[in-house]
Amino acid sequence: MDGNITPLPASASDPDGFAHAVIAWQAQHGRRDLPWQNPATSYRVWVSEIMLQQTQVATVVPYFQRFMARFPTLAALAGAELDDVLQLWTGLGYYARARHLHQAARRIDIDHGGRFPTTIDRLLELPGIGRSTAGAILSLALGQRHPILDGNVKRVLARYHAVPGWPGRAKVQHRLWTLAEHHTPRQQNAAYNQGMMDLGASLCIRVRPRCELCPLAGGCAARRLARQNQFPEPRPAKVKPVRQTRMLLLQQAGRVLLVRRPPAGVWGGLWCPPQCDLEADYVALCRRQFGLRIGPARAWPMRRHTFSHFHLEIHPVYAPVQAEDPSIMDRPGHLWYNEHSSNRCGLAAPVRQLLQDLEEIRA
DNA sequence: AACTCGGGGCT
DNA sequence: AGCCCAGAGTT
């Protein structure tokens, strides 16, 4: 690539040629064969946008394929059990989004007769869909004119206009939305929005952006100032506290006891080994809470899991179950998990790792 | 170890 | 309106 920027034809709605440059670049270099682009139905674009909110494209693709194989239509998702949805979400993180997705599918089924809403106001009423996601669905699937402002677009606009401040701040976000609206073309809106996302993902990346290939380089304020790395500004740093927890790996006949976590909060709705404080008497707890008598316990090495706002130090303890009170175990919210049986449940990443380690020790 | 990401929810 | 929260992957 020679780095020359072709002079851009201007139009009444795009006086600086910004949108035109993005659309032309997208046609040549953008992504056109992602699974949710073929076909780009509202349902498929919606699911992909929710997954892409928390994960990069390469990771999302296999999750998306599995999800579509299992829930090919909105009706299939609306009729599904939450546990089945969470199972397909295992490892993706941000499990509230899977719950919102499922909830929203049911709402569309009930409130809209199963037909996907086609206006931004109706979309914004659904859980898990905000302005950017609604705009992406209507633009990419239906060709309507809406701006979007995902992480990639924020980075492109923050650099192009040298917007100071952290985009998480309301004032900065408002400025970026205004800029996004300003650049959004009347024609070829889908190609433009896809192009902005592709630009942010492939050239206008966080570190060492590849400005020499960028169709917007000629007008980019950050580049003119040679300050590409200083936009957008990072989130203000904060110190993360450390929390500790005990996880009880109670094994019986090759199965491990899991309990369902509360529907909201960390790992909401997921299944997890019983937890307690480090100081707690877990032998007594097993008997009192689960009716289990456990054999000699063995502590496993601590492992650390980092969340956005704290570190969690997990202290696993393994213990064989010697006797159980059979009447207690059939309560809802409890299950004996076996990797090879078809348990339908969502697992957080460190829990999945723990169960995998347990499996390897047995083998 | 720091950084990322859009939306929900609380104050 | 302005915070805080959520999780795993990437760098």
Side-chain angles (χ1 to χ4, degrees), chain A residues 45-63 86 89-104 107 120 123-137 146-158 165-177 180 193 196-197 200-202 204-209 229-243 245 261-270 272 303-314 346-354:
Chain A
V45 171
W46 174 41
V47 172
S48 74
E49 284 298 320
I50 301 299
M51 288 183 170
L52 288 165
Q53 282 172 12
Q54 58 206 36
T55 315
Q56 297 192 338
V57 168
T59 311
V60 162
V61 167
Y63 279 90
L86 287 173
W89 214 267
T90 289
L92 263 184
Y94 285 109
Y95 302 94
R97 293 169 200 220
R99 281 187 276 114
H100 288 148
L101 195 71
H102 183 236
Q103 253 182 279
R107 289 274 307 279
I120 194 150
L123 278 181
L124 290 174
E125 292 169 356
L126 296 169
I129 298 183
R131 186 178 176 189
S132 187
T133 302
I137 294 168
H146 294 282
I148 59 175
L149 196 61
D150 74 355
N152 289 319
V153 179
K154 281 178 192 168
R155 193 165 49 250
V156 173
L157 292 176
W166 175 53
R169 289 179 39 167
K171 217 178 96 182
V172 178
Q173 185 168 24
H174 182 262
R175 170 118 189 261
L176 290 172
W177 270 117
N193 279 334
M196 287 292 281
M197 293 191 288
S202 61
C204 198
I205 51 182
R206 190 167 61 86
V207 293
R208 296 177 59 85
N229 290 329
Q230 293 163 46
F231 301 97
E233 287 180 23
R235 163 197 290 269
K238 265 187 311 185
V239 181
K240 290 174 190 160
V242 179
R243 300 185 199 169
T245 189
R261 295 183 54 84
V266 171
W267 298 338
L270 272 57
C272 191
R303 48 190 81 191
R304 174 180 279 221
H305 183 76
T306 301
F307 292 88
S308 51
H309 56 306
F310 65 93
H311 303 285
L312 182 65
E313 289 187 351
I314 299 170
L347 303 172
V351 171
R352 190 171 48 173
Q353 185 63 56
L354 221 42

Colleague: About how many Å separate CD1 of A:Ile314 and CZ of A:Arg303, when rounded to the nearest 0.5 Å?
Modeller: 7.5 Å
Colleague: In whole angstroms, how far is the P atom of B:dG7 from the CD atom of A:Gln103?
Modeller: 16 Å
Colleague: Considering only side-chain heavy atoms of A:Ala170, which listed nucleotide, B:dC5, C:dG2, B:dT4, is closest?
Modeller: C:dG2
Colleague: Assign the ring pair A:Phe310 / A:Phe307 to parallel, tilted or perpendicular, where the plane angle (0 to 90°) is split at 30° and 60°.
Modeller: parallel
Colleague: Expressed in angstrom and rounded to an integer, what is the separation of A:Gln53 atom CD from B:dG8 atom C1'?
Modeller: 11 Å
Colleague: Give A:Leu270 one of three labels, base, sugar-phosphate or nothing, depending on what nucleic acid heavy atoms sit under 4.0 Å from its own.
Modeller: nothing
Colleague: If you check every side-chain atom of A:Arg206, which of C:dG7, B:dC3, B:dG8 has the closest atom?
Modeller: B:dC3
Colleague: Output the rounded distance in Å from CH2 (A:Trp166) to C1' (C:dC4).
Modeller: 9 Å
Colleague: Whether A:His305 contacts C:dA8 is assessed here as follows: a side-chain N or O lying under 4.0 Å from the phosphate OP1 or OP2. Is that the case?
Modeller: yes
Colleague: Classify A:Arg99 by what it touches in the nucleic acid, base, sugar-phosphate, or nothing, heavy-atom distance under 4.0 Å.
Modeller: nothing
Colleague: Describe the nucleic acid contact of A:Ile50 in one word from base, sugar-phosphate, nothing, applying a heavy-atom distance below 4.0 Å.
Modeller: nothing
Colleague: Just compare C:dA8, B:dG7, C:dT10 and give me whichever is closest to any side-chain atom of A:Ser132.
Modeller: B:dG7
Colleague: Would you classify A:Thr55 as touching base, sugar-phosphate or nothing, given that sugar-phosphate means primed atoms plus P, OP1 and OP2, and contacts are heavy atoms under 4.0 Å?
Modeller: nothing
Colleague: Please report the distance separating the P of C:dG7 from the corresponding atom of B:dC10, rounded so that it comes out in whole Å.
Modeller: 16 Å
Colleague: May I have the distance from A:Trp267 (atom CH2) to C:dC5 (atom P), rounded to whole angstrom?
Modeller: 17 Å
